[in-house]
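Report on the structure given below.
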There are 2 protein chains.
Amino acid sequence: MEQPNRSPLYRQVREALMRRLVDGHWRAGEALPAEPALAAELGVSQGTVRRALGDLAQINLVVRRQGKGTFVAEHTRERALFHFFHLVGDDGKRALPGSRVLAVKAGPATREEARRLAIAAGAKVVRLHRLRMLDGHAAIVERIVLPAALYDGIERLDRAGLPNELYKLYQDRYGVSVARAAEKLKATNAGPEDAAHLGLRSGAAVLEIDRIAYALDGRPCEWRVSRCDTASHHYVSEVV
Amino acid sequence: MEQPNRSPLYRQVREALMRRLVDGHWRAGEALPAEPALAAELGVSQGTVRRALGDLAQINLVVRRQGKGTFVAEHTRERALFHFFHLVGDDGKRALPGSRVLAVKAGPATREEARRLAIAAGAKVVRLHRLRMLDGHAAIVERIVLPAALYDGIERLDRAGLPNELYKLYQDRYGVSVARAAEKLKATNAGPEDAAHLGLRSGAAVLEIDRIAYALDGRPCEWRVSRCDTASHHYVSEVV
DNA sequence: TAGTGGTCTAGACCACGCT
DNA sequence: GCGTGGTCTAGACCACTAT
């Protein structure tokens, strides 16, 4: 391992492995080479590789299993739901959302969309509008904006072709792995349209979740605004 | 280090150190013994102590500084604000909240309060009602419930004696260190009283943050419900 | 039995903060 | 100069998984 800069070796190893993950050098779910192989290849000790892999496991980019190996993290249904979906029933049970796509449209990005997705103004985006169900009734209205450059042809998927867990679709079909997300929450009074979709009176309080999802390489890959009826559900957040 | 169970050594060391932190064996801000001293005392290698201390640093129970030592984490003003306070201005600037105490009262816990704080029904609690300012105008109404057993005589503090950063007060004066918190968020329509405090019309959407704070030993030490005007601020959440 | 990751140790050297 | 935590190595042994 050459040392172009003054950062610790384990960090250089971590970044090198991360580059390969970003490049798609290994597919989601695939096993990485074993520690001794990586150590030999990179010219560092096994301990240094361990440290780097441990860091990657910590941020959920890889999964390590004793006796089996180290694997590229996958967006399983579980992970998509439990890791990135924070609405739970007031009784503490996780409600599994269903979803119904209302519209899919492509078009040039507005200034705001371009800013949030860090793309050029006017670049093509695909907009999804969908309704999600919790415990059988409509509880979330979602407006999703995708940079079309990352998801070639996604606007031609019919509504049945768009699964409930979009993050798994992004990963499996387009090679876009969502690594992290930043959410901004507000309480707002529902407008007439959202209220109608959610079966609420206009002006009812809804929780607005504005989320930018970032891909492995750190670039925004989705902007999603969800307006949620929190009458019998709530958003959970743990602070350590 | 004896091995009563089959857990890894570093975990046993971590728990042993944690017990001392919980017991108040070291005060907030105080330096722990250096690694070699701890290793010798516990009969393990320095590497094992390092791993345990690293874990404790990760969950913010201690702070490690190269060349200086390892210190018990303190609730500085910074930490209280940036770690546990998640409302920021829509312009991205952190608004530093001021606060005005409206009422302090002691009384027996309701069933709900007892349940949330994991204390006996009817046990004495202290209730605080306060208003917090963001950028100069009232933006948050807070109702705080404390188990009186942990905060002897806190209800006799005058309003001037109750600082803006309560967590630092809990730690400095009562030895209660908030280690983590669980928050539940909902959007609700403001009732007449909250609306009046916040200068909103009745029925305006407000963000309700329901937080249980846990002390080092894992027991609840505060129940706080904050109702926030999110017209020009929002709650931030990072998902990794 | 062989290969994987997980734990634990011992020791070397480095970077930082003090005095 | 000395003590602190930070990095890096090499090697031993353990626990789990597969064949």
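Below, each value reflects all heavy atoms present in this structure, side chains not excepted, and no hydrogens, waters or symmetry copies. Chain letters run A, B, ... following the sequence lines, proteins first, then strands; residues in each count from 1.
- A distance-only check finds no donor-acceptor pair linking the side chain of Asn60(A) to the backbone of Ala179(A) [under 3.5 Å].
- Out of dT7(C), dT9(C), dT9(D), the shortest distance to the side chain of Ser45(B) is found at dT9(C).
- Checked by atom type, the side-chain pair Glu183(B)/Tyr235(A) shows no donor-acceptor distance below 3.5 Å.
- Atom CG of Leu53(B) and atom C1' of dG6(D) are 13 Å apart (whole Å).
- Look at CZ on Arg51(A): it is 15 Å from P on dT7(C), rounded to the nearest Å.
- Within a 6.0 Å sphere centred on CG of Asp23(B), other residues, nucleotides and ligands contribute more than 12 heavy atoms.
- At least one donor-acceptor pair closer than 3.5 Å links the side chain of Asp91(A) to the backbone N or O of Lys93(A).
- Protein atom CZ of Arg14(B) is 16 Å distant from nucleotide atom C1' of dC8(C), rounded to whole Å.
- Proximity of Thr70(A) to the phosphate of dG5(C): a side-chain N or O atom is located under 4.0 Å from OP1 or OP2.
- The nearest whole Å value for the distance from the CD atom in Gln46(A) to the C1' atom in dG5(C) is 9 Å.
- Sorted by residue number, the members of residues 27-40 of chain B with any non-hydrogen atom under 4.0 Å from DNA chain D read Ala34(B), Glu35(B).
- One atom, OH of Tyr10(A), and another, C1' of dT9(D), lie 16 Å apart when rounded to the nearest Å.
- Of the charged side-chain nitrogens involved, none lies within less than 4.0 Å of a carboxylate oxygen, so that Lys186(B) and Glu208(B) do not count as a salt-bridged pair.
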Under 4.0 Å protein heavy-atom contact, by nucleotide of nucleotides 11-19 of chain D - B base, S sugar-phosphate only: ----BBSS-
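- Considering only side-chain atoms of Arg64(B), the nucleotide from dT7(D), dG6(D), dT7(C) that sits closest is dG6(D).
- When each of dC8(D), dC8(C), dT7(D) is scored by its nearest atom to the side-chain atoms of Arg50(B), the top-ranked nucleotide is dT7(D).
- Between Gly47(B) and Arg65(A), the residue whose closest nucleotide on DNA chain C is further toward the 5' end is Arg65(A).
- When distances run from any side-chain atom of Leu9(A) to the nucleotides dT9(D), dG5(D), dC8(C), the shortest one goes to dT9(D).
- Of the candidates Arg77(B), His75(B), Glu222(B), Glu222(B) is the only one forming a side-chain hydrogen bond (donor to acceptor under 3.5 Å, both in side chains) with Tyr167(B).
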What donor-acceptor contacts under 3.5 angstrom involve side-chain atoms of residues 31-48 of chain A, with partners at least two apart or in another chain?
residue: Glu35(A); atom: OE1; partner: Gln46(A); partner atom: NE2; Å: 2.8
residue: Glu35(A); atom: OE1; partner: Arg50(A); partner atom: NH1; Å: 3.0
residue: Glu35(A); atom: OE2; partner: Arg50(A); partner atom: NH1; Å: 2.6
residue: Glu35(A); atom: OE2; partner: Arg64(A); partner atom: NH2; Å: 2.3
residue: Glu41(A); atom: OE2; partner: Arg20(A); partner atom: NH1; Å: 3.2
residue: Glu41(A); atom: OE2; partner: Arg20(A); partner atom: NH2; Å: 2.7
residue: Ser45(A); atom: OG; partner: Gly47(A); partner atom: N; Å: 3.4
residue: Ser45(A); atom: OG; partner: Thr48(A); partner atom: N; Å: 3.3
residue: Ser45(A); atom: OG; partner: Thr48(A); partner atom: OG1; Å: 3.3

Stepwise salt bridge (charged side-chain N to carboxylate O under 4.0 Å, His left out) test for Glu142(B) and Arg130(B): CA-CA 5 Å; Glu142(B) 276 183 342; Arg130(B) 65 177 188 168; 2.8 Å; yes
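- With rounding to the nearest 0.5 angstrom, the CG atom of Leu131(B) is 13.0 Å from the CZ atom of Arg227(B).
- As a whole-Å value, the separation of Arg11(A) CZ from dC8(D) P is 10 Å.
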